[in-house]
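Structure first, then comments.
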Amino acid sequence: MSSATWIGIVFGLLIAGANLLLSFLSHRKAHGLETGPFMRIVLGGMMMRMFGILLVVPLVLLFLPVEPVAFAFALVGGLIVGVVMEVVVLLRRRPAQDAAQP
């Protein structure tokens, strides 16, 4: 594989990893709040992360020597893995909150 392919894979995974890290930070901040504030923080954070990805992806494609297909597959694959991890974490935390409420 060429260096452009590896650069594309690395940057796709870096962007997806940054997205996942920021999502866990927003979940951590929202943990323990009631449903309304929880949803505002989580959904607002998701909108900001997606907007950030929308800004960064064209910059990577324009200014770095990346293979676009490798970059796209790494980014989408990383985002899918991140969403699955988010759902698992949320499902594990939620029953603990429900059991604590009378």
Quiz item: Do you know which of I15, L13, T5 makes side-chain contact (heavy atoms from CB on, under 4.5 Å) with F71?
Solution: I15
Exercise. Could you tell me which non-hydrogen atom of S23 sits nearest to which non-hydrogen atom of S26, and how far apart they are?
Key: O-OG, 2.9 Å
Quiz item: What are the two closest heavy atoms between A74 and G8, and how far apart are they?
Solution: CB-O, 4.3 Å
Quiz item: Is any side-chain heavy atom of L90 less than 4.5 Å from a side-chain heavy atom of F38?
Solution: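 In short, these two side chains touch, coming nearer than 4.5 Å.
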Shared hydrophobic cluster for [X] and [Y] (ILVMFWY, side-chain gaps under 4.5 Å):
X   : Y   : answer
I7  : V56 : yes
M46 : M48 : no
L64 : V57 : yes
L20 : V89 : yes

As an exercise, state the distance from [atom1] of [X] to [atom2] of [Y], rounded to the nearest 0.5 Å.
X   : Y   : atom1 : atom2 : result
L79 : R49 : CG    : CZ    : 9.5 Å
L75 : I80 : CG    : CD1   : 10.0 Å
E67 : W6  : CD    : CH2   : 13.0 Å
I53 : N19 : CD1   : CG    : 4.0 Å
L54 : L59 : CG    : CG    : 10.5 Å
R40 : T35 : CZ    : OG1   : 10.5 Å

Quiz item: Is atom CZ of F24 surrounded by more than 12 heavy atoms (other residues, nucleotides or ligands) closer than 6.0 Å?
Solution: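 Yes, enclosed.
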Practice problem: Apply side-chain contact (heavy atoms from CB on, under 4.5 Å) to I41 and H27, showing your working. | Solution: CA-CA 8 Å; I41 290 173; H27 291 262; over 6 Å; no
